[in-house]
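Read through the structure below, which is laid out as structure tokens, and then see the notes.
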Protein chains: 2
Amino acid sequence: MFRTHTCGELRLSDVGKEIILSGWVQRTRDKGSLLWIDLRDRYGITQLMLEEGVSQQHLLEKARQLGREYVIRVKGRVTERSSKNPNIPTGEIEIMLDEIELLNASKLPPFTIEDKTDGGDELRMKYRYLDLRRNPLKQNLALRHKLALETRNYLDSKGFYEIETPYLIKSTPEGARDFVVPSRMNPGEFYALPQSPQTFKQILMVAGYDRYFQIVRCFRDEDLRADRQPEFTQIDCEMAFVTQEDVINTFEGMAHFLFEKVKGVDVGRFERMDYATAMKLYGSDKPDIRFGMQFVEMKDLVKNKGFGLFDEAEIIVGINAAGCSEYTRKQLDALTEFVKKPQIGAKGLVYVKYNADGTFKSSVDKYFNEAELKVWANRFDARPGDLMLLLSGNTENTRKQLSELRLEIGNQLGLRDPQMFKPLWVTDFPLLEWDETSQRFYAMHHPFTSPKPEDFHLLESDPGKVRANAYDMVINGVEVGGGSIRIHDRDLQKKMFSLLGFTDEEAQNQFGFLMNAFEFGAPPHGGIALGFDRLTALIAGYDSIRDFIAFPKNNSGRDVMIDSPSIIAQQQLDELFLKVNMPQK
Amino acid sequence: MFRTHTCGELRLSDVGKEIILSGWVQRTRDKGSLLWIDLRDRYGITQLMLEEGVSQQHLLEKARQLGREYVIRVKGRVTERSSKNPNIPTGEIEIMLDEIELLNASKLPPFTIEDKTDGGDELRMKYRYLDLRRNPLKQNLALRHKLALETRNYLDSKGFYEIETPYLIKSTPEGARDFVVPSRMNPGEFYALPQSPQTFKQILMVAGYDRYFQIVRCFRDEDLRADRQPEFTQIDCEMAFVTQEDVINTFEGMAHFLFEKVKGVDVGRFERMDYATAMKLYGSDKPDIRFGMQFVEMKDLVKNKGFGLFDEAEIIVGINAAGCSEYTRKQLDALTEFVKKPQIGAKGLVYVKYNADGTFKSSVDKYFNEAELKVWANRFDARPGDLMLLLSGNTENTRKQLSELRLEIGNQLGLRDPQMFKPLWVTDFPLLEWDETSQRFYAMHHPFTSPKPEDFHLLESDPGKVRANAYDMVINGVEVGGGSIRIHDRDLQKKMFSLLGFTDEEAQNQFGFLMNAFEFGAPPHGGIALGFDRLTALIAGYDSIRDFIAFPKNNSGRDVMIDSPSIIAQQQLDELFLKVNMPQK
């Protein structure tokens with residue numbers, strides 16, 4: 001027997017018991033006459049003890065050989081500690097040892113197995129099995145397990161079935177790039193790994209399953225930006241005979257339940273905001289509403305006052321940074337540098353200090369007098385002590401730039417507390433996005449999203465204006481997920497494909513099975529998909545998803561622990577009738 | 001609003017309520033003055049009713065246009081039926097209609113949507129969304145959902161974490177053939193899809209996660225035998241600091257719980273049988289112990305009596321088919337044909353009828369007299385009225401052949417009731433299997449399985465004799481799953497790879513990460529993996545897994561609904577630096 005108890009469970013009430021524990025040596029402390037070992041397992045740490053003159057000499061010698069991360073099995077008696085440690089649940093007891101068995105030795109780990117480690121990213125990825133021993137990662141994966149379990153129990157209680165959809169599916173050029181899988185039995189043909197089970201879940205609605213969900217892996221072969229993974233996990237859901245309101249209420253209920261259950265937090269009713277408002281007030285379709293600092297448009301007040309930058313601009317828009325009028329020249333320069341970074345791309349930043357004494361100091365004093373700036377302040381609802389920051393230019397870019405600035409100021413002012421949660425539904429997204437480069441429309445969500453019935457008439461005349469029955473769940477400025485009411489009518493689906501530039505033949509070839517299914521009694525339906533990695537990180541209060549995935553890949557899509565991808569045997573290529581044509585250097 | 005209730009929930013107590021339902025038209029019956037519609041959804045069927053002279057004329061006309069599988073939304077009042085249907089939960093009420101809204105029409109389905117359908121296999125696969133509407137498939141997928149959920153809750157209650165392991169891993173030549181995934185970001189390199197998360201779950205044990213599970217998709221690119229799928233689902237588990245007994249008890253407990261929970265059946269304590277006994281008594285490492293008919297070895301009794309077939313044989317072994325002495329010539333010929341089928345391969349069958357009057361009639365009367373056959377009967381524990389059946393030849397093949405015959409007789413005698421469950425642990429498997437063709441050993445389970453410590457000494461001298469700490473869960477003759485205690489020592493793992501013919505370099509290249517991990521304090525560990533598709537089918541009482549998978553592939557690995565695999569665009573191949581060399585016709 002390897003253990004009678006775990007290293008997290010013994011208490012004062014166990015004193016006197018003969019017990020067996022197994023685990024890892026976290027550290028040993030050798031005071032000469034006394035020797036302690038901290039023994040660790042998933043459940044906690046228990047202090048083991050040996051005493052010169054009391055314990056057998058060979059045990060002391062054995063204990064002195066133990067290094068960090070050695071795996072041992074020990075036998076002993078639970079005793080009360082003389083100096084208790086109130087910081088750990090087992091802190092009132094220690095084990096007086098009778099036996100030590102070495103189960104496995106350990107080389108010295110290349111970084112410390114502590115909450116704060118000294119290992120760099122690449123080293124920690126390579127020795128992921130050591131990194132995963134650290135408490136923060138254990139807590140992350142425990143949280144992830146708990147969240148998945150509670151998600152399943154919640155959806156089951158609401159009548160959803162979890163139904164597994166295939167991973168070997170069909171490649172379709174719409175959307176992101178597919179990972180493909182050559183078929184040996186069908187030479188020259190390929191499967192694709194799913195970017196999402198979208199068409200299958202719609203098929204399940206046509207098949208009458210009414211409420212489907214799946215916690216499911218999805219795959220996208222994209223150039224990896226920071227914190228993107230080629231494989232990621234979704235909570236994928238679909239419902240039949242529902243309106244947008246039904247879907248929103250169901251998944252607001254789920255989010256509510258999850259925060260309550262795993263975090264003990266009541267996140268309250270979700271706010272609602274349509275896409276146009278979100279863009280106007282926050283310059284983003286995923287606004288962080290933990291703080292206000294809404295956009296204020298100024299064009300009517302500032303045009304034609306001789307300030308060229310404003311006069312040429314399509315939009316002049318700003319935010320009020322409350323209490324920041326004392327920002328120094330250096331701080332203001334830093335903000336200007338921030339918005340001028342290439343990835344943000346503003347030309348410059350206009351500031352107006354509303355000083356505590358009621359006077360104004362601005363970067364546009366040449367063009368606007370105190371009286372005018374007072375009118376600005378009224379528009380901004382600014383008070384003495386505040387700082388107004390304005391950007392100008394074309395509407396789309398300027399709003400994006402100001403959104404970045406707003407988040408930066410929010411960070412600086414500590415307004416983005418990771419332990420406060422402000423959820424929001426963003427609704428009424430545009431159905432289509434125009435792409436200048438390819439001179440065609442793309443689906444903003446995907447080609448199966450239903451236009452709003454009241455906008456049907458615009459499909460021919462002004463497709464860019466058509467709004468969709470689509471909605472995103474946004475929490476703290478993070479898009480946790482999105483969904484839509486789907487098209488369930490074959491003719492409307494065909495029209496949608498044609499708006500997206502598919503020929504009838506292409507549409508039939510790629511999505512024929514879905515359109516055929518729509519001919520056999522497809523019910524109205526809709527759904528949502530939530531990013532599970534992201535949701536878990538968010539609930540834990542983290543930005544990055546990497547430490548919420550047991551075995552993540554790096555930014556080149558490599559698993560550096562197993563050293564994959566790798567070359568395969570010639571025989572494997574031959575069996576697949578494939579030849580690698582390496583790129584010319 | 002699409003519905004106030006589902007089609008399965010209205011009862012007598014709801015009479016008088018105004019309700020809204022949505023669903024599919026199962027059938028309409030038009031008696032002229034009265035018209036009924038059976039409306040179906042996932043939850044049941046509700047009868048709708050219209051009456052000439054009472055209902056509005058336009059409603060009757062609308063109803064008469066409805067075809068099978070049309071999707072409608074109706075409004076009406078719950079009324080008590082005059083002629084009740086006790087076979088369905090809603091059979092006491094019907095809905096007097098006020099409104100019918102057509103949500104979607106349907107073409108005539110190519111087969112009937114009934115419990116017994118008239119559709120053939122390929123047609124049902126192509127229109128899977130229609131086949132999935134049938135009750136038996138709905139029940140199968142509902143059962144699968146329930147089983148997965150209860151599995152998770154059980155394992156959670158035992159302290160297991162569900163931890164997701166990657167799907168894009170590394171190709172290794174050991175075991176079955178991998179599906180590979182070309183990496184665009186790493187030209188010329190490939191990921192592989194996991195045949196199981198074996199090495200990752202072991203890494204998780206090294207990382208201290210103590211108890212891991214995952215319900216996970218696995219992939220094998222094998223030529224598909226009937227009822228094999230290229231992707232299938234496993235309940236995959238691993239535990240640290242355990243002996244074989246700990247693993248067996250935990251998963252016997254889980255099976256117990258699942259049968260109780262979803263089937264209401266107490267399957268009792270699992271029997272235990274070592275591999276050698278299973279082979280000797282049943283000729284199979286997955287014996288069906290719902291019935292006895294154990295093998296009886298006869299060599300000592302029958303050798304050197306002048307019957308050449310027996311004299312040359314390595315083994316002569318038989319079974320007693322109780323109560324079958326009246327089998328006709330035709331039935332006996334059919335049994336002989338059965339064992340001579342190429343996939344079974346016996347040369348012939350010896351029978352001995354122990355007639356009800358106590359006399360004997362056999363196919364070997366020339367060589368054995370009544371007194372001798374009486375001795376046989378004693379050995380077989382046969383009684384008058386029984387039929388003894390014997391095969392002879394080399395041990396391995398003859399046992400396999402007799403095992404097939406035993407199962408066939410069991411089928412004929414109705415001894416294999418799919419609603420009776422007899423679980424069994426088969427233990428003490430050989431560690432290695434010798435392959436004549438390649439003149440090398442293969443791992444019987446996989447290269448990570450630990451030899452029994454008491455057989456360590458045979459590893460050098462007689463590796464074929466070494467037994468493993470491996471165990472299979474067998475229910476009703478079906479291998480539900482298998483597992484083992486793993487090697488956790490780097491040197492033993494290296495030795496194992498070398499026994500399997502790996503050079504040190506190959507071992508390091510393919511499994512270096514695992515052997516490296518073993519150097520940093522790997523705990524003793526072991527686990528199991530259960531076939532989830534198979535387990536679900538078994539619990540439902542079915543042989544075939546295909547109708548327990550929402551979207552299965554056919555025997556050529558094709559999904560005929562979506563028509564995959566398929567050719568991909570030249571641009572996709574170019575991006576992957578791949579060229580297809582089609583095989584010469």
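Just so it is clear, the values below take in all heavy atoms, side chains as well, and ignore hydrogens, waters and symmetry mates.
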Side chain, backbone, both or neither: which part of [X] has a heavy atom under 4.5 Å from chain B?
X	result
A:Tyr43	side chain
A:Ala522	both
A:Leu130	side chain
A:Arg177	side chain
A:Pro524	side chain
A:Asn516	both
A:Leu149	side chain
A:Gln572	side chain
A:Ile163	side chain
A:Phe532	side chain
A:Glu575	side chain
A:Arg3	side chain
A:Asp533	neither
A:Ile549	neither

For the student: nearest non-hydrogen atoms of [X] and [Y], plus distance:
X	Y	value
B:Arg152	A:Glu162	NH1-OE1, 3.5 Å
A:Val181	B:Val180	CG1-O, 3.5 Å
B:Leu132	A:Ala207	CB-CB, 3.7 Å
B:Pro565	A:Asn186	CG-ND2, 3.6 Å
B:Val71	A:Pro523	CG1-CA, 4.1 Å
A:Pro166	B:Glu231	CB-OE2, 3.4 Å

>> Please tell me whether B:Tyr127 and A:Phe520 form a close aromatic pair, meaning their ring centres lie under 6.0 Å apart.
In response: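 Ring-ring flag for B:Tyr127/A:Phe520: true, centres closer than 6.0 Å.
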So do [Y] and [X] actually touch side chain to side chain, heavy atoms under 4.5 Å?
X	Y	answer
A:Phe513	B:Asp563	no
A:Asn581	B:Asp574	no
A:Phe551	B:Leu204	yes
A:Met582	B:Pro187	yes

> Going by atom types alone, do B:Asp489 and A:Asn104 pair a side-chain donor with an acceptor below 3.5 Å?
Replying inline: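 Not at all, the side chains of B:Asp489 and A:Asn104 share no donor-acceptor pair under 3.5 Å.
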> Going by an N to O cut-off under 4.0 Å, is there a salt bridge joining B:Asp223 and A:Arg184?
Replying inline: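 Yes, B:Asp223 and A:Arg184 are salt-bridged.
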>> Does any backbone or side-chain atom of B:Asp221 lie under 4.5 Å from a heavy atom of chain A? Answer side chain, backbone, both or neither.
In response: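 When you check distances to chain A, atoms from both the backbone and side chain of B:Asp221 fall under 4.5 Å.
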> Angle class for the B:His145/A:Phe213 ring planes (parallel below 30°, perpendicular above 60°, tilted otherwise)?
Replying inline: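 The rings of B:His145 and A:Phe213 stand perpendicular, inter-plane angle above 60°.
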>> For the backbone of A:Ile562 and the side chain of B:Lys170, can you confirm whether one donor and one acceptor N or O come within less than 3.5 Å of each other?
In response: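 Looks like yes, one N/O pair under 3.5 Å.
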> Looking at B:Tyr191, does the NZ or CZ of A:Arg558 lie under 6.0 angstrom from its six-membered ring centre and within 45 degrees of the ring axis?
Replying inline: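 Not flagged: A:Arg558 not positioned over aromatic ring of B:Tyr191.
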